[in-house]
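Each remark here refers to the structure printed beneath this line.
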Amino acid sequence: MSKICSFSMFVLILLVALSLPKCLMGQRGVAPRDLWCVAKNNAADQALQEAINWACGQGGANCGPIQQGGACYDSNDIQRTASWAFNDYYLKNGLTDDACYFSNTAALTSLNPSFDKCKFPSSLSVNNGSIYASTGTIQMGPDNADLSSSNRAGGTWFLPLFTSYLFVVFSWLIHWH
């Protein structure tokens with residue numbers, strides 16, 4: 001019975017360690033992933049326009065590609081325009097959650113918003129030192145991608161933690177019955 005308890009405790013510790021949010025695990029051992037800062041699909045046009053004005057002005061984002069005549073210019077889609085400005089600002093300002101907030105009109109996504117010749121640099125391209133120029137048109141990804149309820153803590157930790165809990169309960173039941 002002691003071997004079962006020891007094994008149960010080992011598996012429990014392993015599952016808890018694997019269930020920690022990525023921000024607590026550090027850089028080593030965690031697979032990096034591309035992130036982009038994009039406009040939320042439920043953000044009001046006026047709020048997006050104000051955020052674009054700030055990002056392209058005082059914020060210092062490179063908004064040349066989204067200006068008239070620019071390779072990523074699209075006067076009919078403010079979300080695409082805002083996404084370019086938000087992403088450029090995010091990449092230049094430390095890749096932090098705060099750098100992708102814009103009065104709650106922006107969210108981080110792992111869905112690449114690039115389209116055609118308009119390539120959005122990602123968090124990994126900045127970390128690898130390879131920001132490149134962009135041309136073409138911007139697309140926000142699938143029309144049904146809902147970024148309106150972004151959770152900054154992420155949801156990747158809940159399932160392993162719940163599984164760990166079930167394992168503890170199951171082990172306890174085996175041990176005491």
Side-chain angles (χ1 to χ4, degrees), residues 11-43 48 51-52 55-56 59-66 71-72 74 77-167:
V11 172
L12 172 65
I13 292 170
L14 181 63
L15 287 171
V16 169
L18 293 174
S19 69
L20 290 174
K22 290 180 182 181
C23 62
L24 298 178
M25 294 176 75
Q27 294 293 328
R28 297 187 188 268
V30 177
R33 67 181 207 191
D34 287 309
L35 292 175
W36 293 266
C37 179
V38 297
K40 289 183 177 182
N41 61 0
N42 69 340
L48 288 175
I52 292 167
C56 294
N62 173 16
C63 295
I66 57 174
C72 297
D74 185 348
D77 196 329
I78 194 164
Q79 285 188 332
R80 291 178 180 176
T81 302
S83 293
W84 177 267
F86 294 173
N87 193 60
D88 191 76
Y89 179 86
Y90 168 73
L91 296 177
K92 291 179 178 177
N93 289 278
L95 307 172
T96 65
D97 286 346
D98 290 338
C100 185
Y101 185 68
F102 296 96
S103 299
N104 203 27
T105 62
L108 291 174
T109 183
S110 59
L111 297 173
N112 187 342
S114 299
F115 180 75
D116 199 21
K117 294 180 182 178
C118 187
K119 306 297 182 200
F120 278 57
S122 72
S123 57
L124 284 182
S125 65
V126 170
N127 285 336
N128 294 332
S130 60
I131 293 180
Y132 46 87
S134 300
T135 58
T137 308
I138 301 171
Q139 179 174 328
M140 287 303 305
D143 290 338
N144 61 354
D146 185 7
L147 301 172
S148 61
S149 59
S150 172
N151 181 351
R152 291 174 184 234
T156 59
W157 59 271
F158 180 76
L159 185 59
L161 191 58
F162 182 71
T163 305
S164 300
Y165 172 76
L166 290 178
F167 183 81

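Numbering of residues begins at 1 and proceeds along the displayed sequence.
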How far does CZ of Phe120 sit from SG of Cys37, to the nearest 0.5 angstrom?
10.0 Å
Report the distance from atom CG of Leu95 to atom CG of Leu35, rounding to the nearest 0.5 Å.
8.5 Å
What distance separates Ser123 OG from Arg33 CZ, expressed to the nearest 0.5 Å?
8.5 Å
Roughly how far, to the nearest 0.5 Å, is the CG atom of Asp34 from the CG atom of Leu124?
4.0 Å
Would you please name every residue forming a side-chain hydrogen bond (donor to acceptor under 3.5 Å, both in side chains) with Asn93, sequence neighbours left out?
none
Sidechain-backbone polar pair: Ser83 side chain, Ala39 backbone, donor-acceptor under 3.5 Å
yes
Can you tell me how far apart OG1 (Thr109) and NZ (Lys40) are? Round to the nearest 0.5 Å.
12.0 Å
Taking atom CG of Asp97 and atom CG of Leu108, what is their separation to the nearest 0.5 Å?
6.0 Å
N/O donor-acceptor pair under 3.5 Å between Asn87 side chain and Pro121 backbone
yes
Between Thr81 and Leu48, is there a side-chain heavy-atom distance shorter than 4.5 Å?
no
In short, Asn41 meets Gln79 closest at the heavy-atom pair CA-NE2, 2.6 Å
For Phe86, ring-ring contact (aromatic ring centres under 6.0 Å, His included) partners two or more places apart
Phe102
All heavy atoms of Ser110 vs all of Trp36, minimum pair found to be O-CZ3, 3.4 Å
Contacts of Asp88 meeting side-chain contact (heavy atoms from CB on, under 4.5 Å) (sequence neighbours excluded), chain-then-number -> Ala61, Asn62, Lys92
Dump the intermediate steps for side-chain contact (heavy atoms from CB on, under 4.5 Å) on Leu111 and Val38, then the final yes or no.
CA-CA 10 Å; Leu111 297 173; Val38 297; over 6 Å; no
Looking only at the side chains, is there a donor atom on one of Asn112 and Ser114 sitting less than 3.5 Å from an acceptor on the other?
yes
Just jot down the side-chain contact (heavy atoms from CB on, under 4.5 Å) partners of Ala85, sequence neighbours excluded, or say none.
Ala55, Cys56, Cys63, Ile66
